[in-house]
Amino acid sequence: MPDNLFELVYRVVRRIPPGRVATYGQVARILGMPRGARTVGWALRALPDGSDVPWQRVVNARGAISFRPGGYAASVQQALLEEEGVVFEAGRIDLKVYGWAGLDPIEERTLRRT
DNA sequence: ATAATGACTGGGG
DNA sequence: ACCCCAGCCATTA
């Protein structure tokens with residue numbers, strides 16, 4: 001298990017497949033921190049440019065992007081997701097359709113190793 | 001050690 | 001369904 005929280009968050013986010021999205025809270029729960037949604041946000045914010053972590057696949061519980069609406073960052077995230085086939089309607093993603101199912105038990109075990 | 005700051009959430013109105 | 005808000009919690013100042 002990595003010693004720091006950020007690396008743990010990145011490991012989970014790297015498993016979200018293209019074209020699917022997970023919520024901050026969902027990632028937090030997978031890590032055993034049911035109230036740590038905001039902390040997941042902190043970890044992603046700390047990512048350097050050019051990282052291999054698909055940060056764009058993490059959105060808030062309402063299926064919306066959590067950057068200032070209309071801002072540059074928000075438009076970049078939406079564009080990246082749309083390139084993967086994710087559809088936005090009224091500024092939101094239908095999590096029933098694009099939501100990530102999460103790690104299966106086998107993958108979960110792999111995650112905790114190392 | 002105290003206080004402020006968010007890429008957040010769930011529930012009440 | 002939408003808006004508001006108290007609670008949350010690692011990191012910073």
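Every chain is numbered from 1 and lettered A, B, ... according to where its sequence line falls, protein lines coming before strand lines.
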Rounded distance in Å - CG (A:Leu80) to C1' (B:dA7): 14 Å
Check: A:Tyr24 and A:Arg38 side chains under 4.5 Å, non-hydrogen atoms: no
Atom-to-atom span, CG of A:Leu44 to C1' of B:dG6 - whole angstrom: 13 Å
Distance in angstrom units between A:Arg92 CZ and C:dC2 P, rounded: 5 Å
Residue whose nearest DNA chain B nucleotide is more 5′ - A:Thr39 or A:Thr23: A:Thr39
Ionic contact status for A:Glu84 with A:Arg20, cut-off 4.0 Å: no
Residue-phosphate contact under 4.0 Å: A:Arg68 side-chain N/O, B:dG6 OP1/OP2: no
Nearest-Å distance for atom pair CZ/C1', residues A:Phe67 and B:dC8: 13 Å
Nearest-angstrom distance from the residue atom CG of A:Asn60 to C1' of C:dC2: 14 Å
Lys/Arg-Asp/Glu bridge criterion (N-O < 4.0 Å) met for A:Glu107, A:Arg11: no
Nearest-angstrom distance from the residue atom CH2 of A:Trp55 to P of B:dC8: 13 Å
Whole-Å gap separating P (C:dT11) and CD (A:Glu7): 14 Å
A:Leu47 CG to C:dT11 P, straight-line distance once rounded to whole Å: 14 Å
No-H, no-angle donor-acceptor pair, A:Arg38 side chain to B:dC8 base, under 3.5 Å: yes
Out of B:dC8, C:dC9, B:dG10, whichever nucleotide has its closest atom nearest the side chain of A:Arg35: C:dC9
N/O donor-acceptor pair under 3.5 Å between A:Gln77 side chain and A:Val58 backbone: yes
